[in-house]
Amino acid sequence: MTHVVPADPQVLVTVKKKAQPSRSWAVLDSNGETTLLDVDKYAIMHRVNIHARDLRILDPLLSYPSTILGRDGAIVLNLEQHIKAIITAEEVLLRDPSGEYVVPVVQELQRHLPVVNAINQGPEAIGQSDVEAADECVSPFEFRALEVALESICSFLAARTLELETAAYPALDELTSLISSRNLDRVRKLKSAMTRLTARVQKVRDALEQLLDDDDDMADLYLSRKLAASSPVSGSGAANWYAVSPTIGSKISKASRGSIATIHGDENDVEELEMLLEAYFMQIDGTLNKLTTLREYIDDTEDYINIQLDNHRNQLIQLELFLSSGSVCLSVYSLVAAIFGMNIPFTWNDNHGYVFKWVVIISGLLSALLFILIMSYARLKGLVGS
């Protein structure tokens with residue numbers, strides 16, 4: 001049985017043998033206050049009202065592509081392996097908050113989720129008109145949380161891309177100047193890392209692009225709008241709701257001042273979210289372009305290395321042809337020596353010593369002529385350079 005240690009060392013959790021393995025979650029509210037939970041998936045499903053198939057996307061043991069899903073009351077966010085969150089209109093649930101890459105995300109959420117403006121001061125501190133004007137400028141809670149997550153993943157991937165570029169370009173330049181097994185293995189590892197990083201960036205980009213292409217999917221992410229449309233707009237019910245959630249209550253109050261027709265007319269207005277997503281889409285697309293440029297540089301380097309290797313191979317072929325031609329030409333001397341070395345009596349072998357030098361000269365001329373003919377033919381066929 002696997003026991004999961006709670007994120008808070010002061011909290012002791014007893015896990016029964018037949019119970020569902022618990023998971024650590026960090027819950028951040030609209031004030032940036034963090035609460036650590038160590039509950040099973042059924043408690044999370046009941047808390048945020050999502051299906052098991054949506055929660056399965058956040059399972060770290062399963063490999064799912066980057067996904068941004070809009071549900072009735074929550075946004076299921078799976079960005080890489082370290083940003084797995086559920087965003088509601090009032091809180092953010094972040095999985096494994098003690099992870100190496102999750103801690104900075106929690107800190108950023110604690111900084112950006114609280115609304116430090118006139119809305120939290122209330123009408124006692126300033127005029128009601130100023131509160132309403134400030135309320136218009138505040139992004140919904142779910143968008144602030146989504147922005148922190150997108151900023152975190154885009155910055156993370158951009159930093160990994162910068163590290164890869166810093167290591168890759170000098171290694172490629174060194175390889176072009178000196179082709180060795182060490183440099184080739186170094187570039188091979190960098191290329192593998194670039195391929196994996198490109199796939200990760202491409203998945204995030206595809207998730208944003210898919211969301212931007214569908215206005216209905218973007219409208220599903222407006223949790224505060226859906227909450228305002230479904231909540232009571234007058235009477236004691238609204239007062240009780242404001243007491244529970246001042247931020248959302250302000251939005252409901254603002255919605256209640258308009259007509260029902262206005263609420264329905266704004267259901268398809270996704271301009272604010274579209275601008276947010278487009279900004280990070282451009283950022284992640286720029287990171288992907290950097291990786292594409294790096295891949296092209298690696299391909300160009302590979303082409304240059306192949307050209308160099310082909311040139312060396314051609315030089316070896318030329319040397320082999322040169323030596324083979326020399327061997328053929330020297331074989332003429334072997335033929336002459338074999339003829340004159342035969343044990344057959346000839347009358348001209350006696351008293352004709354001057355013939356030796358002519359035989360040597362003629363054999364040399366024939367060998368040189370044969371070598372020139374062979375090399376001319378090879379040059380004509382393009383086997384050797386001019």
Side-chain angles (χ1 to χ4, degrees), residues 60-66 78-84 96 98-105 150-209 280-327 375 378-379 381-386:
L61 302 179
L62 301 177
S63 178
Y64 280 93
S66 297
N78 177 35
L79 297 177
E80 286 298 308
Q81 295 297 322
H82 56 282
I83 301 183
K84 298 178 180 295
D96 298 330
S98 59
E100 177 184 359
Y101 299 111
V102 185
V103 173
V105 180
L150 292 176
E151 174 65 27
S152 176
I153 190 61
C154 290
S155 301
F156 174 80
L157 294 176
R160 300 291 83 78
T161 301
L162 181 60
E163 292 177 0
L164 185 61
E165 287 180 329
T166 304
Y169 284 114
L172 293 171
D173 295 337
E174 185 178 354
L175 180 61
T176 56
S177 60
L178 177 62
I179 302 176
S180 63
S181 300
R182 172 180 168 273
N183 291 336
L184 286 172
D185 184 66
R186 182 183 176 189
V187 171
R188 179 188 62 81
K189 293 179 180 178
L190 290 172
K191 185 176 181 180
S192 300
M194 184 207 64
T195 302
R196 293 192 298 268
L197 183 58
T198 301
R200 297 167 64 183
V201 174
Q202 185 68 50
K203 289 177 181 178
V204 177
R205 182 186 181 277
D206 291 343
L208 292 176
E209 185 178 17
Y280 290 102
F281 177 80
M282 295 300 295
Q283 183 175 346
I284 200 70
D285 190 60
T287 302
L288 183 61
N289 289 336
K290 290 182 180 180
L291 292 172
T292 303
T293 303
L294 179 59
R295 174 179 291 277
E296 292 176 353
Y297 192 84
I298 292 178
D299 292 339
D300 294 340
T301 303
E302 289 180 347
D303 294 339
Y304 177 76
I305 297 302
N306 291 331
I307 291 173
Q308 281 190 331
L309 294 177
D310 291 340
N311 184 38
H312 293 328
R313 191 179 301 110
N314 292 336
Q315 291 178 355
L316 292 176
I317 292 175
Q318 292 179 12
L319 178 60
E320 182 182 4
L321 179 60
F322 182 83
L323 295 177
S324 300
S325 301
S327 300
M375 296 304 296
R379 189 175 293 109
K381 295 297 183 180
L383 300 178
V384 295
S386 56

Listed by chain and number, what are the side chain to side chain donor-acceptor pair (under 3.5 Å) partners of Ser180, not counting sequence neighbours?
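If we apply the side chain to side chain donor-acceptor pair (under 3.5 Å) test to Ser180, skipping adjacent residues, the hits are Asn183.
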
Output all residues satisfying side chain to side chain donor-acceptor pair (under 3.5 Å) with Glu163, sequence neighbours left out; order by chain, then residue number.
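For Glu163, the residues satisfying side chain to side chain donor-acceptor pair (under 3.5 Å) (neighbours in sequence not counted) are Arg160.
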
Find the distance between [atom1] ([X]) and [atom2] ([Y]) and round it off to the nearest 0.5 Å.
| X | Y | atom1 | atom2 | answer |
| --- | --- | --- | --- | --- |
| Ile305 | Leu172 | CD1 | CG | 9.0 Å |
| Gln202 | Leu157 | CD | CG | 11.5 Å |
| Ile317 | Ser324 | CD1 | OG | 11.5 Å |
| Ile153 | Lys203 | CD1 | NZ | 12.0 Å |
| Ser155 | Tyr280 | OG | OH | 7.5 Å |

Partners passing salt bridge (charged side-chain N to carboxylate O under 4.0 Å, His left out) against [X] (at least two apart in sequence or in another chain):
| X | value |
| --- | --- |
| Asp310 | Arg313 |
| Glu174 | Arg182, Arg186 |
| Asp285 | Arg205 |
| Glu165 | none |

Run Asp185 and Arg188 through salt bridge (Lys or Arg N to Asp or Glu O under 4.0 Å) and show every step you take.
CA-CA 5 Å; Asp185 184 66; Arg188 179 188 62 81; 2.8 Å; yes

Report yes or no: do Glu302 and Asn306 form a side-chain donor-acceptor pair below 3.5 Å?
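No, no side-chain donor-acceptor contact under 3.5 Å.
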
Quick one: list whatever passes side-chain contact (heavy atoms from CB on, under 4.5 Å) with [X], sequence neighbours left out.
| X | result |
| --- | --- |
| Leu316 | none |
| Ala193 | Leu164, Arg196 |
| Leu184 | Leu175, Ile179 |

Not counting sequence neighbours, which residues clear ring-ring contact (aromatic ring centres under 6.0 Å, His included) with Phe156? List them please.
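His82, Tyr101.
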
Using ring-ring contact (aromatic ring centres under 6.0 Å, His included) as the criterion, list what pairs up with Tyr64, not counting sequence neighbours.
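For Tyr64, no residue satisfies ring-ring contact (aromatic ring centres under 6.0 Å, His included) once neighbours in sequence are set aside.
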
Under 3.5 Å donor-acceptor pairs involving side-chain atoms of residues 290-298, not counting sequence neighbours:
residue : atom : partner : partner atom : Å
Thr292  : OG1  : Leu288  : O            : 2.8
Thr293  : OG1  : Asn289  : O            : 2.9
Tyr297  : OH   : Asp173  : OD1          : 2.6

Looking only at heavy atoms, which two atoms of [X] and [Y] are closest? And how far apart?
| X | Y | answer |
| --- | --- | --- |
| Ser152 | Ile83 | OG-CD1, 3.7 Å |
| Thr166 | Leu162 | OG1-O, 2.8 Å |
| Asn78 | Pro65 | ND2-O, 3.1 Å |
| Asp96 | Pro60 | OD2-CG, 4.2 Å |
| Ala207 | Ser66 | CB-O, 3.4 Å |
| Ala171 | Val187 | O-CG2, 4.0 Å |

Carefully, step by step, assess Val204 and Leu150 under the rule side-chain contact (heavy atoms from CB on, under 4.5 Å).
CA-CA 9 Å; Val204 177; Leu150 292 176; 5.7 Å; no

